[in-house]
Undergrad: 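The structure is given below, and queries will be raised subsequently.
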Amino acid sequence: MKQGSSAEFEQIEAAAASAAAEGAASVTAEGSEGPRVSAAVPAAGEGAGASAPASVRVKSGFKGVASRALAVFALFTVVCGLGYTLVVTGVAQLVFPHQANGSLIEADGKVLGSELIAQNFEDEGHMWGRIQNATFVEGDDGELRAYGAPSNLSPASDEYAALVEERVAKLRAANPDATADTVPVDLVTCSGSGLDPEISPAAAEYQVPRIAEATGKSEDEVRQIVRDCTTGRFLGVFGEPRVNVLKVNLMLDGEL
């Protein structure tokens with residue numbers, strides 16, 4: 001082996017010692033005629049201390065994901081929770097304010113009821129609605145609150161059959177001059193909500209003779225009131241014609 005200068009060997013030894021201390025593989029320094037010694041010199045940014053420990057990298061990554069998730073959550077809270085609500089409420093108030101505010105029936109500045117909630121009538125001078133399954137509770141402010149619910153009786157049960165027969169007998173007794181041979185089914189059954197405000201035109205017609213006699217109005221006058229309170233099929237196709245019982249009774253009383 002040919003000998004190189006002492007200065008070149010000193011440089012090689014220093015590089016090898018540095019590479020060994022840093023755990024690298026090889027760095028090459030070559031003299032003009034001396035041997036080739038290899039040792040790796042870490043590249044900039046890749047040496048010991050350049051990369052953070054794994055635990056630090058995990059924590060940093062979690063913070064980034066969490067911050068983005070919170071930002072998306074805040075954005076959708078504002079858009080869906082506030083913006084959407086304001087837009088829908090505003091459009092409802094502009095396009096159909098009557099329905100958006102509860103379809104209230106008012107006369108002389110006084111709220112008499114809602115087109116959507118039935119009220120119970122069982123006297124001779126008023127039209128009867130569907131069977132109500134409601135509980136009325138007086139609140140702390142003195143106002144009555146109605147809680148409605150459907151019946152849990154099976155239509156095939158003996159108890160239900162007896163209940164319907166009892167209702168039919170009551171209606172026949174109250175309407176002896178009714179022209180129909182059969183009692184309309186909606187007058188002896190409860191709706192799903194227990195607070196259905198409407199009945200069929202046939203159920204209204206069944207009661208016309210009794211109402212006319214009790215109020216002193218002619219049957220034609222009562223029928224005209226019923227027609228004024230009748231809503232037809234939606235778009236002329238969907239649903240069935242129906243009569244709002246509360247409106248009929250308010251008109252019979254002269255309040256509408």
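Positions are given from 1, in the same order as the sequence printed here. Scope of the values below: all heavy atoms of this structure, side chains included, with no hydrogens, waters or symmetry mates.
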Undergrad: State plainly whether one hydrophobic cluster holds both Ile117 and Val245, where clusters connect Ile, Leu, Val, Met, Phe, Trp and Tyr through side-chain heavy atoms under 4.5 angstrom apart.
TA: no
Undergrad: Please determine whether residues Leu112 and Leu116 belong to a single hydrophobic cluster, defined as Ile, Leu, Val, Met, Phe, Trp and Tyr linked transitively by side-chain heavy-atom distances below 4.5 Å.
TA: no
Undergrad: Check whether Ser103 reaches the backbone of Glu115 with its side chain - one donor and one acceptor, N or O, closer than 3.5 Å.
TA: no
Undergrad: Output a table of donor-acceptor pairs, distance under 3.5 Å, between side-chain atoms of residues 68-76 and any protein atom two or more places apart or on a different chain; print 'none' if there are none.
TA:
none

Undergrad: Stepwise, does the side-chain contact (heavy atoms from CB on, under 4.5 Å) test hold for Met127 with Val226?
TA: CA-CA 10 Å; Met127 182 163 289; Val226 170; 3.8 Å; yes
Undergrad: Enumerate the residue pairs fulfilling ring pair (Phe, Tyr, Trp, His ring centres under 6.0 Å) with a member in residues 108-127, sequence neighbours excluded, ordered by first and then second residue.
TA: Phe121-His126
Undergrad: Under a 4.5 Å side-chain heavy-atom rule over Ile, Leu, Val, Met, Phe, Trp and Tyr, are Val188 and Val243 clustered together?
TA: yes
Undergrad: Quick one: do the Asp228 and Gln224 side chains pair a donor with an acceptor below 3.5 Å?
TA: yes
Undergrad: Under 6.0 Å from the CG atom of Asp123, do we count more than 12 heavy atoms belonging to anything else shown?
TA: yes
Undergrad: Between CD1 of Ile131 and CG of Leu187, what distance do you get to the nearest 0.5 Å?
TA: 8.0 Å
Undergrad: If you look at every heavy atom in Cys190 and Arg167, which pair is closest and at what distance?
TA: N-NH1, 4.4 Å
Undergrad: Should Ile105 and Leu252 be counted in the same cluster of Ile, Leu, Val, Met, Phe, Trp and Tyr side chains packed under 4.5 Å apart?
TA: yes
Undergrad: Kindly compute the distance separating CG (Asp196) from CD (Gln132), expressed to the nearest 0.5 Å.
TA: 9.5 Å
Undergrad: Quick one: CE on Met251 to CD1 on Ile225, what's the gap to the nearest 0.5 Å?
TA: 5.5 Å
Undergrad: Please say which of Glu240, Lys247, Arg242 ends up in a side chain to side chain contact (heavy atoms under 4.5 Å, CB included) with Glu198.
TA: Arg242
Undergrad: Report whether Ile199 and Leu195 are members of the same hydrophobic cluster (ILVMFWY, side-chain heavy atoms less than 4.5 Å apart, transitive linking).
TA: no
Undergrad: Do Glu221 and Thr215 have side chains that approach each other closer than 4.5 Å (heavy atoms only, starting at C-beta)?
TA: no
Undergrad: May I ask you to check whether over 12 heavy atoms, not counting those of Glu159, lie within 6.0 Å of atom CD?
TA: no
Undergrad: Got a donor-acceptor contact below 3.5 angstrom from the Asp186 side chain to the Ser200 backbone?
TA: yes
Undergrad: For Pro241 and Pro201, which heavy atoms make the closest approach, and how far apart are they?
TA: O-CD, 3.3 Å
Undergrad: Measure across Ser218 and Ala212 and return the closest heavy-atom pair with its distance rounded to 0.1 Å.
TA: C-CB, 4.0 Å
Undergrad: Restricting to non-hydrogen atoms, name the atom on Gly102 and the atom on Ser114 that form the minimum distance, rounded to 0.1 Å.
TA: O-OG, 2.9 Å
Undergrad: Hey, could you give me the OH/OG1 distance between Tyr160 and Thr189, rounded to the nearest 0.5 Å?
TA: 5.5 Å
Undergrad: Please set out all donor-acceptor pairs under 3.5 angstrom arising from side-chain atoms of residues 82-91, sequence neighbours excluded.
TA:
{"from": "Thr85", "atom 1": "OG1", "to": "Gly81", "atom 2": "O", "distance (Å)": "2.9"}
{"from": "Thr89", "atom 1": "OG1", "to": "Thr85", "atom 2": "O", "distance (Å)": "2.8"}

Undergrad: Taking all heavy atoms of Arg210 and all of Gly125, pick out the closest pair and write down the distance.
TA: NH1-N, 4.4 Å
Undergrad: Looking at Lys170 and Glu166, is any side-chain nitrogen of the basic one under 4.0 Å from a carboxylate oxygen of the acidic one?
TA: no
Undergrad: Assess, by modelled atom type and distance only, whether the side chains of Asn101 and Gln93 contain a donor and an acceptor separated by less than 3.5 Å.
TA: yes
Undergrad: Is the number of heavy atoms from other residues, nucleotides or ligands within 6.0 Å of CG (Asp141) greater than 12?
TA: yes
Undergrad: Tell me whether Asn175 contacts the main-chain N or O of Ala178 through its side chain, where contact means a donor paired with an acceptor under 3.5 Å.
TA: no
Undergrad: With a cut-off of 6.0 Å (strictly less than), are more than 12 heavy atoms of other residues, nucleotides or ligands near CD of Glu255?
TA: yes
Undergrad: Which pair of non-hydrogen atoms, one from Pro184 and one from Ala202, has the smallest distance, and what is that distance?
TA: CG-O, 3.8 Å
